[in-house]
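Encoded as structure tokens, the structure appears first; notes follow it.
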Amino acid sequence: MILILKKGISDEEIESIVLKIKDAGLTPHISKGNERVIIGLVGDSRAKDRDYWLSVHGVEDAIRVLKPFKLASREFKSENTVITVDGIKIGGNEVVVMAGPCAVEGREQLLQTAEIVKNYGAKILRGGAFKPRTSPYSFKGLGKEGLMYLKEAKEKFGLPVVTEVMSIEQIEDVSQYADIIQIGARNMQNFSLLEEVGKTRKPILLKRGLSAKIEEFLLAAEYILFNGNPNVILCERGIRTFETYTRNTLDISAVPVLKSLTHLPVIVDPSHAIGLRDYIIPVSLASIAAGADGLIVEVHPEPEKALSDGAQSLYPEQFKELIKKLKKVGGAVGRPV
Ligand code: PEP
Ligand code: MN
């Protein structure tokens with residue numbers, strides 16, 4: 001159930017409604033918009049019906065949300081959620097480009113990439129310090145050493161950092177160094193991990209699972225929201241299909257579908273979706289035309305030497321070209337880049 005409160009309601013009146021919600025054994029999630037205060041009731045709301053909530057002082061309307069995800073839904077919050085990271089707004093009108101190497105491979109490699117992507121127009125630096133690899137024999141990242149290089153790059157180039165956590169134990173360290181915590185595709189349904197990042201207030205970049213339906217993706221976001229963290233960015237990164245020419249299949253339709261179902265920002269990762277650098281530009285342009293709020297793209301100064309995902313990493317010149325073209329498409333759809 002979602003309660004829409006009367007216009008101009010006082011804090012004391014809200015508090016008294018909150019007490020009634022708690023008395024009914026439910027958890028209130030308050031969302032204060034420009035015009036209205038809305039309270040989402042989470043838990044078994046069968047005990048008190050709609051008529052009861054309509055009778056409560058200060059409640060203008062009570063709406064039953066039939067979708068399985070509640071806090072992530074547009075019914076709960078009609079305005080877009082905008083997440084601000086060091087002054088950069090994700091989910092606002094401007095398209096935000098996050099870029100960097102797949103993995104932090106060393107100090108020089110990271111600083112060099114950070115300088116390149118910054119100069120060409122990236123707003124946020126990506127780079128994995130803890131890498132989820134399919135084979136146990138592959139490079140698994142530099143761990144804490146990698147986090148330190150990310151911090152150095154941030155300080156040197158003024159780029160906030162997004163990096164992945166793979167386990168609950170890594171959250172504390174990663175939170176100290178990163179501005180945005182990434183939950184990778186393989187962990188989208190690691191519910192204990194979702195609960196723990198939900199207890200932080202860090203922005204969370206949640207990637208769609210390899211075979212996750214849109215509803216499952218939104219329920220994963222719901223875990224984070226329900227645990228108290230409203231700062232979730234959704235990332236479409238391709239799903240498994242019968243097609244093998246590309247690494248995955250980018251579900252471009254997920255972008256407008258998600259934008260209509262949820263108020264959360266939606267970005268696209270064309271790199272992991274396609275796996276081949278020469279197709280990254282057109283698909284990125286399509287993503288912005290389809291309504292994505294941003295991109296997260298892999299770039300490497302020397303992709304042939306990359307320790308992971310070299311084939312999909314853009315050459316610096318290609319990244320420059322991407323930004324140039326994005327500005328045109330962004331301009332055409334009223335989204336400055
Ligand atoms: C990544 O972004 O580094 C990554 C491993 O992506 P995904 O979880 O989408 O495979
Ligand atoms: Mn990668």
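Hydrogens, waters and symmetry mates play no part in the numbers below; they use all other heavy atoms, side chains included. Everything quoted here is computed from the prediction, not taken from an experiment. Order of appearance sets the numbers: ligands from 1, and atoms from 1 within every ligand.
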Inset, instruction - Could you list which atoms of ligand 1 come closer than 4.0 Å to a heavy atom of Arg126? - result: 1 (C), 2 (O), 3 (O)

Legend entry - Protein contact of atom 6 (O) of ligand 1 - nearest heavy atom, named by residue and atom, plus distance: Lys207 NZ, 3.0 Å

Inset, instruction - State whether a side-chain donor-acceptor pair under 3.5 Å links His300 with Asp309. - result: no

Inset, instruction - May I ask you to say whether Asp179 pairs ionically with Lys202, meaning some side-chain N is under 4.0 Å from a carboxylate O? - result: no

Legend entry - Any N or O of Asp269 closer than 3.5 Å to N or O of ligand 1: no

Legend entry - Contact check: Glu298 vs ligand 1, nitrogen or oxygen atoms, below 3.5 angstrom: no

Legend entry - Criterion salt bridge (charged side-chain N to carboxylate O under 4.0 Å, His left out) against Asp269, the qualifying member of Lys207, Arg247, Arg237, Arg208: Lys207

Inset, instruction - Give the atoms of ligand 1, by number and element, whose distance to some non-hydrogen atom of Gly184 is under 4.0 Å. - result: 8 (O)

Legend entry - Shell of protein N/O/S atoms around the Mn ion (ligand 2), taken as anything under 2.8 Å: Cys102 SG, His272 NE2, Glu298 OE2, Asp309 OD2

Legend entry - Minimum heavy-atom distance Ile288-Leu295, with the two atoms named: CD1-CG, 4.1 Å

Inset, instruction - Report yes or no: does a heavy atom of Arg208 sit under 4.0 Å from some atom of ligand 1? - result: no

Legend entry - Charged N-O contact under 4.0 Å between Asp61 and Lys6: no

Inset, instruction - Please go through Ile39's hydrophobic cluster and name the other residues, only I, L, V, M, F, W, Y counting, with side-chain heavy atoms under 4.5 Å joining them. - result: Met1, Leu3, Leu5, Ile9, Ile14, Ile17, Val18, Ile21, Leu26, Ile30, Val37, Leu41, Tyr52, Trp53, Val56, Val59

Inset, instruction - Could you tell me which atoms of ligand 1, counted from 1 in the order shown, lie closer than 4.0 angstrom to a heavy atom of Ala185? - result: 7 (P), 8 (O), 9 (O)

Inset, instruction - May I have all residue pairs that pass salt bridge (charged side-chain N to carboxylate O under 4.0 Å, His left out) and include part of residues 321-331, sequence neighbours excluded? - result: Glu321-Lys325

Inset, instruction - Using the salt bridge (charged side-chain N to carboxylate O under 4.0 Å, His left out) rule, collect all pairs that involve residues 211-231, keeping only residues at least two apart or in two chains. - result: none

Inset, instruction - Determine whether the side chains of His57 and Glu13 contain a donor N or O and an acceptor N or O closer than 3.5 Å. - result: yes

Legend entry - Salt bridge flag under 4.0 Å for residues Glu94 and Lys89: no

Inset, instruction - Run the numbers for me: atoms of ligand 1, each under 4.0 Å from some heavy atom of Arg237, listed by number. - result: 7 (P), 9 (O), 10 (O)

